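One structure is given below, encoded as structure tokens.
Each residue takes its place number in the sequence, starting with 1. Both ligands and their constituent atoms are indexed starting at 1 by order of listing. Remember, predicted model here, so these are calculated numbers, not experimental data.
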Amino acid sequence: MALIEGSYPVDRPGIIAHYREWLPVTESTPLFSLGEGFTPLVHARWLGDELGLKQLYLKNEGQNPTGSFKDRGMVMAVAKAIEEGASGIMCASTGNTSASAAAYGALAGMQVVVLIPNGNIAIGKLAQALHYGAKVVAVEGNFDDALRLIRVLTEKHRLTLVNSINPLRLEGQKTGAFEVCDALKRAPDYLAIPVGNAGNISAYWAGFKQYRAGGRITSTPRMLGFEAEGAAAIVRGEVIADPHTLATAIKIGNPASWQKAVAARDESGGRIESVTDDEIVAAYKLVSRLEGIFVEPASAASVAGVIKLIRAGEIEPDATVVCVLTGSGLKDPDAAIAHAASLRETAATIEAVERSLGWAEALVAAGEKLA
Ligand code: F0G
């Protein structure tokens, strides 16, 4: 099998090399990699205790090279684009896809063009796309508008479309499901995942089905997809013209893989539900404070959804539940700061620092008690 003439990690396989028997890989597919995949599956004891779930696991996809799960799909889509001799790639994005496309495009030496909804992507993602050298076009419209334009532009200019409507993206992303099963030595009972364009839930379901067909697992999980309430097109059963949510990554009103996600839900005996922004923020804080895992708001939708179903008595306390945490909290520092305690600004003296921490008053009070 060919290796790309270029850089790759020498100390770990990429997902293409590791899972090649399960992927559409040929003799001429480059096995290139930025070290994507093999992310931690954390047994979340503290959050589990809080929710009354003994077997709660968090799949921390924020540890991928560009900080989101998109890298699994992008490495596959870009490898195949190289194999087919493409000159460039293009995508529409709420941010993470653009960062990932820009990084893998840079590694492959390809032209990368991304369309983003102007003013509506987290600052870290924008910084990544620009810094990796992509041409970033900010359109006056939402993600759904940008995706509509991309479908035409990629046809017209013969560039490879690397949104999740490219089936190779889903092929790469299904390796997340393989890793979960490899780690647990079985399939979980429930797999909870945020839903935006609905590609990832479709990819995970394809992965579980393939592993069952290949004899690696004997059961498949119920798929639990969670949309943000202001962008819950699948839950409401209608396209949302003007979606809104603070979780900008999943602010999508017309999910491209809608039918695949519905099939994943129905075939698995699962559900697709919505969570409010308040529920997302509560879960966002809980995951970092209890487990030390900093995620972006959209990623917390999976945890918010599990909290909601647990409270409604719809998940059994002895079930094995995996929540996919799709992206790193560093992507969206504005959201993090807006939902954290405020900064304590002081002069650079011992007394001022103690006062800002409330310690000076505590010492005085203790002194008074002694006197
Ligand atoms: N979580 C994060 C952090 C995302 O960036 C996305 C999608 C999702 C969840 C939802 O995944 O679309 O497969 O249902 N982000 C895309 C983007 C749309 O452009 O980066 P999905």
Item to check | Any N/O pair Gly196/ligand 1 closer than 3.5 Å | outcome: yes
Checklist entry - By number and element, which atoms of ligand 1 are closer than 4.0 Å to a non-hydrogen atom of Asn200? => result 13 (O), 21 (P)
Item to check | Ring geometry between Tyr211 and Tyr19 (parallel below 30°, tilted from 30 to 60°, perpendicular above 60°) | outcome: perpendicular
List the atom pairs, donor and acceptor, that lie under 3.5 Å between side-chain atoms in residues 339-355 and the rest of the protein, sequence neighbours left out.
residue, atom, partner, partner atom, Å
Arg344, NH1, Ser356, O, 3.1
Thr349, OG1, Ala352, N, 3.0

Item to check | Derivation and outcome, side chain to side chain donor-acceptor pair (under 3.5 Å), residues Lys331 and Asn96 | outcome: CA-CA 9 Å; Lys331 298 271 192 175; Asn96 282 322; 2.8 Å; yes
Item to check | Where ligand 1 meets Ser93 - atom numbers and elements under 4.0 angstrom, heavy-atom basis | outcome: 17 (C), 19 (O), 20 (O)
Checklist entry - Nearest protein heavy-atom contact for atom 12 (O) of ligand 1: which residue, which atom, what distance? => result Asn197 N, 2.7 Å
Next on the checklist: Centre-to-centre under 6.0 Å for His18 and Phe178, is that the case here?
Outcome noted: no
Item to check | For atom 11 (O) of ligand 1, closest protein heavy-atom neighbour | outcome: Phe69 CZ, 3.5 Å
Checklist entry - Relative to the heavy atoms of Ile252, which atoms of ligand 1 are at a distance of less than 4.0 Å? => result 18 (C)
Next on the checklist: Give me the nearest non-hydrogen protein atom to atom 20 (O) of ligand 1 as residue plus atom name, then the distance to 0.1 Å.
Outcome noted: Thr97 N, 2.8 Å
Next on the checklist: Show the atoms of ligand 1 that are less than 4.0 angstrom away from any heavy atom in Glu296.
Outcome noted: 3 (C)
Checklist outcome for this item: Within 4.0 Å of some non-hydrogen atom of Asn96, the atoms of ligand 1 are 2 (C), 3 (C), 4 (C), 5 (O), 20 (O)
Checklist entry - What residues join Ile240 in its hydrophobic cluster, counting side-chain heavy atom gaps under 4.5 Å, either direct or through other members? => result none
Next on the checklist: My understanding is that we take every heavy atom of each candidate and find the minimum distance to atom 15 (N) of ligand 1. Doing that for Lys70, Glu61, Lys251, which one comes out nearest?
Outcome noted: Lys70
Next on the checklist: For Ala198, which part has a heavy atom under 4.0 Å from ligand 1: side chain, backbone, both, or neither?
Outcome noted: backbone
Checklist outcome for this item: Gly199 heavy atoms within 4.0 Å reach ligand 1 at atoms 13 (O), 14 (O), 21 (P)
Checklist entry - Taking atom types as modelled, is there a side-chain donor on Asn64 or Glu36 under 3.5 Å from an acceptor on the other? => result no
Checklist entry - Going by the order shown, which atoms of ligand 1 are within less than 4.0 Å of some heavy atom of Thr94? => result 15 (N), 16 (C), 17 (C), 18 (C), 19 (O), 20 (O)
Checklist entry - Can you tell me the protein heavy atom closest to atom 1 (N) of ligand 1 and the distance? => result Thr326 OG1, 2.6 Å
Checklist entry - Does the salt bridge (charged side-chain N to carboxylate O under 4.0 Å, His left out) test come out yes or no for Glu314 and Arg222, once each step is laid out? => result CA-CA 12 Å; Glu314 307 210 13; Arg222 292 175 190 270; over 6 Å; no
Checklist entry - In the protein, which heavy atom is nearest to atom 4 (C) of ligand 1, and how far is it? => result Ala249 CB, 3.6 Å
Item to check | Heavy-atom pair of closest approach, residues Ser7 and Leu107 | outcome: O-CD1, 3.7 Å
Checklist entry - Counting each atom of ligand 1 from 1 as listed, which ones have a heavy atom of Ile250 under 4.0 Å away? => result 8 (C), 9 (C), 10 (C)
Next on the checklist: Using salt bridge (charged side-chain N to carboxylate O under 4.0 Å, His left out), reason through Arg72 and Glu61 one step at a time and then give a plain yes or no.
Outcome noted: CA-CA 10 Å; Arg72 295 178 185 278; Glu61 289 287 277; 2.6 Å; yes
Item to check | Candidate pair Lys125 and Glu296, rule salt bridge (charged side-chain N to carboxylate O under 4.0 Å, His left out), full reasoning | outcome: CA-CA 11 Å; Lys125 303 172 188 178; Glu296 66 166 287; 2.8 Å; yes
